[in-house]
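Take a look at the structure set out below.
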Amino acid sequence: MIKNDEYFMRKAIELAMKSRNEGNEPFGAILVKDNEIVMSGENQINTLCDPTHHAEIGLIRKFCVENNIFNLKEYTLYTSCEPCVMCSGAIVWANLHKLVYSVSHDQLAEIAGSNIMISCKEVFEKSPNRPIVVESELNEEGLKVFDGYKF
C-alpha cells in the first residue's frame, strides 16, 4: 500500500467519523513522521467536557508530553477539517512542518454556521512559523462526514 497524502487523510477522516459516532464533533487528525503514523487524535470536547479538546490540539498536547518534545519541524499533520484559530496557534507554537486538511473553514461555516472566521493561513501569515499547507485533500470524502450532522 502506498502511504501518501490520500492514505493519511483517509485515516484522519475515519477518525472524524469515529469521533462523531462517539458523540463528539466530527473531527480527526493524524501526525506523521518519516511516512509513519506516530499519533492519532479525535475531537473529544463532549467526552472530556473540555471545549478545547479539538482533534489537532489534543493530539499535539499528548504527543509532545509523551515524547518530551515541542518542536514538530519534522512532522506532518493531517486533519479532516481546516484547523480553527486555537489549533492553528498550537500548530505555530509546535513548529509543525506541514499541514494537510480536507474540508475548508469556509465549507464548515456553510454546514455549521458562522464561527470565528479566521483561516489557518491568516494565522500562519502573521506568525513566526509558517507550515506548508495543502488544502482540500479528499475534499468530497471529508464532506461526507458531515452528512446529516447537526451542530
Side-chain angles (χ1 to χ4, degrees), residues 3-33 37-48 50-64 70-151:
K3 293 182 179 177
N4 56 16
D5 285 351
E6 285 187 10
Y7 172 85
F8 294 118
M9 185 55 68
R10 275 197 180 85
K11 298 290 186 189
I13 291 169
E14 288 171 11
L15 281 172
M17 186 55 79
K18 180 177 181 266
S19 179
R20 176 181 173 170
N21 291 338
E22 292 175 353
N24 291 295
E25 301 298 333
F27 304 101
I30 301 286
L31 189 64
V32 173
K33 181 181 180 188
I37 297 172
V38 296
M39 185 158 285
S40 60
E42 58 192 74
N43 180 288
Q44 293 184 319
I45 64 170
N46 294 324
T47 301
L48 300 176
D50 179 355
T52 69
H53 204 288
H54 293 192
E56 303 91 339
I57 205 165
L59 180 154
I60 289 169
R61 282 180 187 152
K62 184 176 180 186
F63 184 79
C64 290
F70 58 86
N71 191 333
L72 302 180
K73 67 181 179 182
E74 298 176 0
Y75 296 81
T76 299
L77 183 64
Y78 293 85
T79 66
S80 61
C81 193
E82 180 177 358
C84 71
V85 173
M86 176 183 68
C87 292
S88 295
I91 287 167
V92 168
W93 297 125
N95 295 309
L96 184 75
H97 171 68
K98 181 179 174 184
L99 168 70
V100 182
Y101 67 83
S102 179
V103 176
S104 75
H105 189 267
D106 290 339
Q107 288 173 309
L108 181 62
E110 287 179 27
I111 296 165
S114 185
N115 204 320
I116 300 172
M117 300 300 288
I118 301 171
S119 73
C120 68
K121 282 185 159 183
E122 289 178 80
V123 174
F124 299 155
E125 287 171 2
K126 296 178 181 180
S127 301
N129 178 42
R130 295 178 180 95
I132 296 164
V133 177
V134 177
E135 304 173 56
S136 301
E137 185 69 39
L138 296 179
N139 187 249
E140 289 181 24
E141 289 181 39
L143 287 168
K144 287 179 185 175
V145 174
F146 296 101
D147 285 350
Y149 189 77
K150 302 280 190 244
F151 280 88

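As the structure is a prediction and not an experimental result, all values here were calculated from the model. The basis for the numbers below is simple: all heavy atoms, side chains too, and nothing from hydrogens, waters or symmetry mates.
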Give the C-alpha distance, both sets of side-chain angles, the deciding distance and a yes or no for side-chain contact (heavy atoms from CB on, under 4.5 Å) between Thr76 and Tyr78. CA-CA 7 Å; Thr76 299; Tyr78 293 85; 3.4 Å; yes
Interatomic spacing from CZ in Phe146 to OG in Ser80 - rounded to 0.5 Å: 6.0 Å
How long is the span from the OG1 atom in Thr52 to the CD1 atom in Ile57, to the nearest 0.5 Å? 6.0 Å
Distance-minimising heavy-atom pair for His105 and Ile118: CE1-N, 3.9 Å
Does Asn95 reach the side chain of Leu72, with side-chain heavy atoms less than 4.5 Å apart? no
Nearest heavy-atom contact between Glu56 and Cys81 is OE2-O, 3.5 Å
Mind running side-chain contact (heavy atoms from CB on, under 4.5 Å) on Leu31 and Leu96 for me, showing each step along the way? CA-CA 10 Å; Leu31 189 64; Leu96 184 75; 4.1 Å; yes
Let me confirm one number: the CD-CZ distance from Glu14 to Arg10, rounded to the nearest 0.5 Å. 9.0 Å
Minimum heavy-atom separation for Cys120 and Ser88, please, with both atom names. CB-OG, 3.1 Å
Side-chain heavy-atom pair Asn139, Gln107 within 4.5 angstrom cut-off: yes
Distance-only donor-acceptor check, side chains Glu137 and Tyr101, under 3.5 Å: no
Which heavy atom in Ile30 sits nearest to a heavy atom in Phe8, and how many Å separate them? CG1-O, 4.0 Å
Asn24 to Asn46 - nearest heavy-atom pair and separation: OD1-N, 2.9 Å
Tell me, with the steps shown, if Ser40 and Lys11 meet side-chain contact (heavy atoms from CB on, under 4.5 Å). CA-CA 9 Å; Ser40 60; Lys11 298 290 186 189; over 6 Å; no
What heavy-atom pair brings Leu59 and Met39 nearest, and what distance separates the two atoms? CD1-O, 3.6 Å
Student check: side-chain heavy atoms of Glu82 and Leu108 closer than 4.5 Å: no
Rounded distance (nearest 0.5 Å) linking atom CD1 of Ile91 with atom NZ of Lys98: 13.5 Å
Asn21 side, atom CG; Lys18 side, atom NZ - distance, nearest 0.5 Å: 9.5 Å
Is the backbone N or O of Phe27 less than 3.5 Å from a side-chain atom of Asn43, with the two atoms forming a donor-acceptor pair by type? no
Does Leu138 offer a backbone N or O that forms a donor-acceptor pair with the side chain of Ser102 under 3.5 Å? yes
If you measure from CG on Asn129 to NZ on Lys73, what distance do you get to the nearest 0.5 Å? 11.0 Å
Side-chain donor or acceptor of Glu74 paired with backbone N/O of Lys33 under 3.5 Å: no
Is it the case that atom OH in Tyr149 sees more than 12 heavy atoms from other parts of the structure closer than 6.0 Å? yes
Which is it for Glu42 and Glu22 under the side-chain contact (heavy atoms from CB on, under 4.5 Å) test, yes or no, and what are the steps along the way? CA-CA 10 Å; Glu42 58 192 74; Glu22 292 175 353; 2.8 Å; yes
